[in-house]
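Structure incoming, see below.
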Amino acid sequence: MAAMFRKLESKFGYRFTMELITVLFCYTIPMKGLGLQALLFDGVCHDMVQNTTICGDRYSASNDLVQVQQQTSLWYMYGNIILTVPAVISSMFQGRYVDLYGFALPFKVQLGGAIIGAVALAGIAWIESHYRYAMLVVLTLGLSGYPMSFMMSIFSYIALSTNEDQRAYRMSIIVACLSLAMSAGIASFGPIVDNLGLHWVFAIQVIPLSLALLDVIYRILPHGAVQRGSNGVSLFHRLKNTFSFASTKDYVTTMTKIRANRGRCHLHLAVFAIILWFTAMIGSVDTEYLFLTKERRFDNTQLSMFMATGNVLMFFGNIIVLYFLKTKLKMSDLFVAGIGCVSAIGGYLGLGLARTAPALWLVNGFAFLSGLQVVGLRTYVSNQVDASEQGVIFSYISSMEAIFKLVAGITFNGIYFLAVAVWPGLPFIFAAVLNVVSLGVVTFLYYSTRSHSGVQSDDCALAEEEATPLLKTES
């Protein structure tokens, strides 16, 4: 595998790093999420209705089925809570471990936890065990940091292995790979459920996750500069140093220290904008399955094709449009993020207001540039900190994303619970509002960073020293 990638790198002049494992891991994320929703819906429906015909009929207008949707939303919200609490803690310490000792152990924990979770959920679906047992599996995934810690490791690696000129495009490729992989995962979900059964949705995930783990062990770790400071230090002492009070203090210091040119203010505002984008995205995904299958009458295959089309368009937006914006028009990271905000607003408004299937399919055209929002913001954040802080800053973002995944689950499922009988599209209107706020933050950052004058408040005071440049390990 390593030799194959070296040949490709030599032929195309492009250094492959995180692309393959991003595709393999992210392929399983929507399958696991949609599969868990389907598992909970089937279990709740058979508990409450005990009527196989009603549970399997998406066109049923039974009041019982409305109540099942409401209870499924509640159970999915409980799952988010169980996942989030340990994931926040795990992500924080994994990020600190990355800065101290490299990526080897975090990658193994993240991928190993995902494999165990896939096997366990496949078993629950196969033997038709009670759906509440799935909550124990969700807890295991949370302990491994799933999936936030994996994304922290990916973006930290890219930030450390590129210079500022390359970073935005390399991160856009990662986001594009993420979109492409999720497209494949979403597209696979419907046909697998309809033709093979729900248990195969989880069982198939073991294959790409195992390949990703092998890629880490045999290609990335031996040939990548990811083992900083771990030589001669036992695993016990590495973990002791990572979980020490001093390590926690360093984590807090990184996020609170004064930086040059209002850097601390801008850093936290940029993270806030990322969280708004993430909350809208996760919340809409949490309610999209029930909304499209039960309210807009999509079958599993139509659902898969609809969601996959959106991600494929986003893939081309991240690869082609971003390249044009950055190389030809020389747009800044924040201007790119603003374009992504506008695209996301249009997509969410369309999803919430569309009443017919053709109108829903047009929504993907509005939203295909929405991925630029997070690419621009993540690149901007990475450029605000130095090389020794990349793991901490991206683990901080991952921790905040884990917390707001919980907030998004409670908020959006709560809105859907209350509005499903009156206006089921209301959660997507709320997602559009969140992106309007994000656009306001990005606009403020854009004009603030262009200004070189003005009184600095204590919270945005100038630091005496400039931040050190990032490691430039990629030519």
Side-chain angles (χ1 to χ4, degrees), residues 1-5 8 16-39 83 103-129 133-134 136-138 140-151 153-154 157 174 176-224 285 289 300-301 303-305 307-308 311-312 315:
M1 183 180 291
M4 178 187 71
F5 274 95
L8 289 173
F16 291 93
T17 53
M18 298 287 105
E19 290 80 4
L20 178 60
I21 66 168
T22 298
V23 169
L24 293 172
F25 183 88
C26 292
Y27 170 76
T28 68
I29 293 177
M31 293 180 69
K32 194 175 271 87
L34 291 170
L36 183 59
Q37 290 185 58
L39 180 65
L83 177 71
F103 296 82
L105 182 62
F107 272 136
K108 293 174 183 177
V109 169
Q110 295 150 16
L111 293 168
I115 291 171
I116 292 172
V119 172
L121 288 172
I124 291 172
W126 175 267
I127 65 177
E128 297 184 352
S129 181
Y133 290 121
L136 296 176
V137 181
V138 171
T140 302
L141 291 170
L143 291 172
S144 70
Y146 180 91
M148 308 300 176
S149 294
F150 179 83
M151 302 314 299
S153 298
I154 292 293
Y157 192 104
I174 292 297
C177 288
L178 187 153
S179 299
L180 185 64
M182 287 193 168
S183 300
I186 293 167
S188 300
F189 171 76
I192 292 173
V193 171
D194 292 338
N195 296 290
L196 298 176
L198 183 58
H199 57 280
W200 278 105
V201 170
F202 301 111
I204 287 174
Q205 295 173 33
V206 176
I207 297 174
L209 290 171
S210 298
L211 289 174
L213 184 59
L214 291 173
D215 185 48
V216 167
I217 294 173
Y218 292 106
R219 182 178 70 90
I220 294 176
L221 296 184
H223 301 286
V285 169
Y289 174 80
N300 286 321
T301 300
L303 172 70
S304 296
M305 292 301 105
M307 299 176 74
N311 281 319
V312 168
F315 169 82

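Numbers here simply count residues along the sequence, with the first being 1.
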So do the side chains of Tyr157 and Ile174 get within less than 4.5 Å of each other, counting heavy atoms only?
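No - every pair of side-chain heavy atoms lies 4.5 Å or more apart.
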
Notebook entry, point to check: Between Val138 and Leu36, is a side chain to side chain contact (heavy atoms under 4.5 Å, CB included) present by the stated rule, with each step listed?
Noted result: CA-CA 10 Å; Val138 171; Leu36 183 59; 4.0 Å; yes

* Asked: Between Gln110 and Ser144, is any pair of side-chain heavy atoms under 4.5 Å apart?
  ->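 No - every pair of side-chain heavy atoms lies 4.5 Å or more apart.
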
Using a 4.5 Å cut-off on heavy atoms from C-beta on, say whether the side chain of Leu111 contacts that of Ile21.
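Answer no - side chains too far apart.
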
Checklist entry - Taking side chain as C-beta onward, heavy atoms only, is Val119 less than 4.5 Å from Ile116? => result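 Heavy-atom side-chain distance check fails, nothing below 4.5 Å.
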
Practice problem: Could I get the full list of side-chain hydrogen bond (donor to acceptor under 3.5 Å, both in side chains) partners for Ser188, not counting sequence neighbours? | Solution: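 With sequence neighbours excluded, Ser188 shows a side-chain hydrogen bond (donor to acceptor under 3.5 Å, both in side chains) to Tyr27, given in chain and number order.
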
request  = Could you give me the CA-CA distance, side-chain angles and deciding distance for Ile124 and Val137, then say whether side chain to side chain contact (heavy atoms under 4.5 Å, CB included) is met?
outcome  = CA-CA 10 Å; Ile124 291 172; Val137 181; 3.8 Å; yes

What I'd like to find out is whether the side chain of Leu178 reaches to under 4.5 Å of the side chain of Met151, using heavy atoms alone.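 Leu178 vs Met151: side chains touch.
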
Which atoms form the tightest heavy-atom contact between Ala134 and Leu39, and what is the distance?
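The pair with the smallest heavy-atom distance is CB-CD2, 4.0 Å.
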
* In Å and rounded to the nearest 0.5 Å, what is the CZ to CD1 distance from Phe202 to Ile192? ->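 That separation rounds to 11.0 Å.
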
_Ala114: side-chain contact (heavy atoms from CB on, under 4.5 Å) partners, not counting sequence neighbours_ =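 By the side-chain contact (heavy atoms from CB on, under 4.5 Å) rule, Ala114 matches Phe25, Tyr146, Leu209.
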
* Any side-chain heavy atom of Arg219 within less than 4.5 Å of one from Leu20? ->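 The answer is yes, as the side chains (C-beta and beyond) meet within the 4.5 Å cut-off.
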
* Do the non-hydrogen side-chain atoms of Pro191 and Asp194 ever get within less than 4.5 Å of each other? ->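 Result no, sub-4.5 Å side-chain heavy-atom pair not found.
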
